[in-house]
Amino acid sequence: MKRREDIINLRAAAILLVMMGHSIIIYSHAWPLQGYYLNGAAESHFFDQMKSVINLLQMPLFFSLSGFCLLFSLKSSNAFGKFMASKTRRILIPFFAVGLLYLLPLRLALGYPGWEGESLIRIVVFDIVLGVDNGHLWFLPTLFIIFLITEILYCILRHFGVSSGYFVLALVAISLVLKAISGFVVVPYITDVMTYDIWFVLGVAIHYVQQIREDVLARFTNRISLYLICILSAAVVLALLLIATRDFKALISMIFVTLCYALVPRRTTKAINAISRNSMGMYLFHSPLCYISFALFPSVSPYVMLLVNFVGFGMVAFALTEVVRRLHLGVLIGE
């Protein structure tokens, strides 16, 4: 597979955005547990607004990167069973391992209020596994379901000899329908699939159009052509999304994500490459650590909270990822 340094840069940026959002979520009025932890003290309007802005980009960018990399996965694995076995190893095993061996004991030790009064069995089955309250881990089963749906569609269309272009169009159509009806469904993971599939498909579309550029329009190698490709690949989806949902926040998010692909530097650095390489582990390990500061010193200055959570616990999450890998336990972080 061709090394894409632009995607390495985007993956690093995505995980840093996610970590930033997790670090300051305690100041977000949209977070249900804010009142429990802050209780009116040390609120920050600035960080509240910052979290709202981060939300426009962090998970849409993360899902779009998974969609972008889908075409790499389909090239390396044509068999349905092999493809889904790979996704089980890379997504579901980390989900169960981190959920039961890391998130569960850490939250119980800190007296996590969302699980107050619940039995251990209910916490494990309903909160963690079924996604009622498993924090950041909701992303993994959601992504797995999106991969499953996408792979089933791909296998069906391939069986009938349908070209990849129609595959992408079918993905766009399905994602628009799911987005349009997502407000009527409130089921853990399923609602998330309906909400975020559009970003996954955007990543697929951008990659597909870039492939056309490389195969058919190779003579256009300047940056302007890349801008046009990213803009055009999103234009139809943007128009359809507006018609289908009138979701203007989603439109802004799609513009931001598309610009990220257009403007990202084409060269990376050792530091960025290290962050990108460890992004999965950092995603898994970082968020639960933030609850330590939320529980022990919620009234500290918001800037100190950001420093401890983003820099301090970010470094801890990075180090934990390296330790797990060096202990040859990479399966726990999807490797």
Side-chain angles (χ1 to χ4, degrees), residues 11-28 30-34 36-39 41-44 46-48 50-55 57-59 61-62 94-95 97-115 127-128 133-140 270-327 329-330 332-335:
R11 188 180 292 114
I15 187 57
L16 291 177
L17 272 174
V18 169
M19 289 169 53
M20 176 70 76
H22 289 162
S23 297
I24 61 175
I25 194 172
I26 191 173
Y27 303 111
S28 172
W31 192 44
L33 295 178
Q34 187 204 42
Y36 175 87
Y37 284 112
L38 286 186
N39 197 22
E43 292 188 9
S44 172
F46 174 73
F47 282 159
D48 182 23
M50 179 186 291
K51 183 65 173 73
S52 298
V53 173
I54 290 174
N55 287 344
L57 186 57
Q58 63 174 21
M59 296 317 297
L61 182 57
F62 235 90
F95 167 73
V98 172
L100 299 178
L101 302 178
Y102 183 73
L103 177 71
L104 175 63
L106 190 55
R107 279 191 172 186
L108 290 178
L110 293 171
Y112 175 67
W115 294 348
D127 289 322
I128 295 180
D133 187 359
N134 57 10
H136 66 304
L137 294 181
W138 67 270
F139 169 73
L140 299 176
K270 289 184 177 180
I272 292 175
N273 188 67
I275 294 173
S276 177
R277 180 169 179 255
N278 288 339
S279 60
M280 179 63 161
M282 294 169 71
Y283 182 85
L284 293 170
F285 295 134
H286 177 259
S287 180
L289 292 172
C290 293
Y291 286 87
I292 297 175
S293 53
F294 295 165
L296 299 183
F297 43 90
S299 298
V300 73
S301 165
Y303 296 98
V304 174
M305 180 72 76
L306 173 62
L307 181 66
V308 171
N309 289 346
F310 183 68
V311 179
F313 288 146
M315 294 174 66
V316 171
F318 184 96
L320 284 174
T321 304
E322 289 287 343
V323 169
V324 168
R325 184 180 292 117
R326 294 183 184 185
L327 290 176
L329 296 173
L332 300 179
I333 54 175
E335 297 180 352

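The residues of the chain are indexed from 1 along the displayed sequence.
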Audit row: Phe294, Leu33, side chain to side chain contact (heavy atoms under 4.5 Å, CB included) steps and yes/no
CA-CA 10 Å; Phe294 295 165; Leu33 295 178; over 6 Å; no
Could you walk me through whether Leu140 and Met280 pass the side chain to side chain contact (heavy atoms under 4.5 Å, CB included) check?
CA-CA 10 Å; Leu140 299 176; Met280 179 63 161; 3.7 Å; yes
Side chain to side chain contact (heavy atoms under 4.5 Å, CB included) between Phe62 and Gln58, worked out:
CA-CA 6 Å; Phe62 235 90; Gln58 63 174 21; over 6 Å; no
What verdict does the side chain to side chain contact (heavy atoms under 4.5 Å, CB included) test give for Asn278 and Arg325, after you've listed the backbone C-alpha separation in whole Å, the side-chain angles of each residue and the deciding distance to 0.1 Å?
CA-CA 10 Å; Asn278 288 339; Arg325 184 180 292 117; 2.7 Å; yes
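When each of Tyr36, Phe47, Tyr37 is paired with Trp31, the ring-ring contact (aromatic ring centres under 6.0 Å, His included) condition holds for Tyr37 and for no other. A ring-ring contact (aromatic ring centres under 6.0 Å, His included) with Tyr291 is found for exactly one of Tyr112, Tyr102, Phe297, Trp115, namely Tyr112.
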Compile the donor-acceptor pairs under 3.5 Å between side chains in residues 303-316 and protein atoms, sequence neighbours left out, one pair per line.
residue: Asn309; atom: OD1; partner: Ser293; partner atom: OG; Å: 2.5
residue: Asn309; atom: ND2; partner: Ser23; partner atom: O; Å: 3.0
residue: Asn309; atom: ND2; partner: Ser293; partner atom: OG; Å: 3.3

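Annotation: the span from Ile275 atom CD1 to Ile15 atom CD1 amounts to 9.5 Å, rounded to 0.5 Å. Rounding to the nearest 0.5 angstrom, the gap separating the CD1 atom in Ile272 from the CG atom in Leu16 is 9.0 Å. With rounding to the nearest 0.5 Å, the separation of CG in Leu110 from CG in Leu289 is 9.5 Å. To the nearest 0.5 angstrom, Leu106 atom CG is 12.5 Å from Leu101 atom CG. The CE atom of Met19 sits 11.5 Å away from the CD1 atom of Ile54 when rounded to the nearest 0.5 Å. Of the inter-residue distances, the one linking Glu322 atom CD with Met282 atom CE reads 10.0 Å to the nearest 0.5 angstrom.
Under a 3.5 Å cut-off, the side chain of Ser279 and the backbone N or O of Ser276 do form a donor-acceptor pair.
Between Asn134 and Leu103, the shortest heavy-atom distance links the atoms O-CD2, 3.6 Å. Leu284 approaches Ile333 most closely through the heavy-atom pair CD1-CA, 3.9 Å.
In this structure, the salt bridge (charged side-chain N to carboxylate O under 4.0 Å, His left out) partners of Asp133, at least two apart in sequence or on a different chain, are Arg107.
You'll find the side chain of Met59 reaches within 4.5 Å of the side chain of Phe139, heavy atoms only. Contact of the Glu335 side chain with the Val324 side chain is not registered, since no non-hydrogen atoms from C-beta on lie closer than 4.5 Å. The shortest distance between side-chain heavy atoms of Glu43 and Asp48 does not fall below 4.5 Å. Using a 4.5 Å heavy-atom threshold, the side chains of Pro288 and His136 count as touching.
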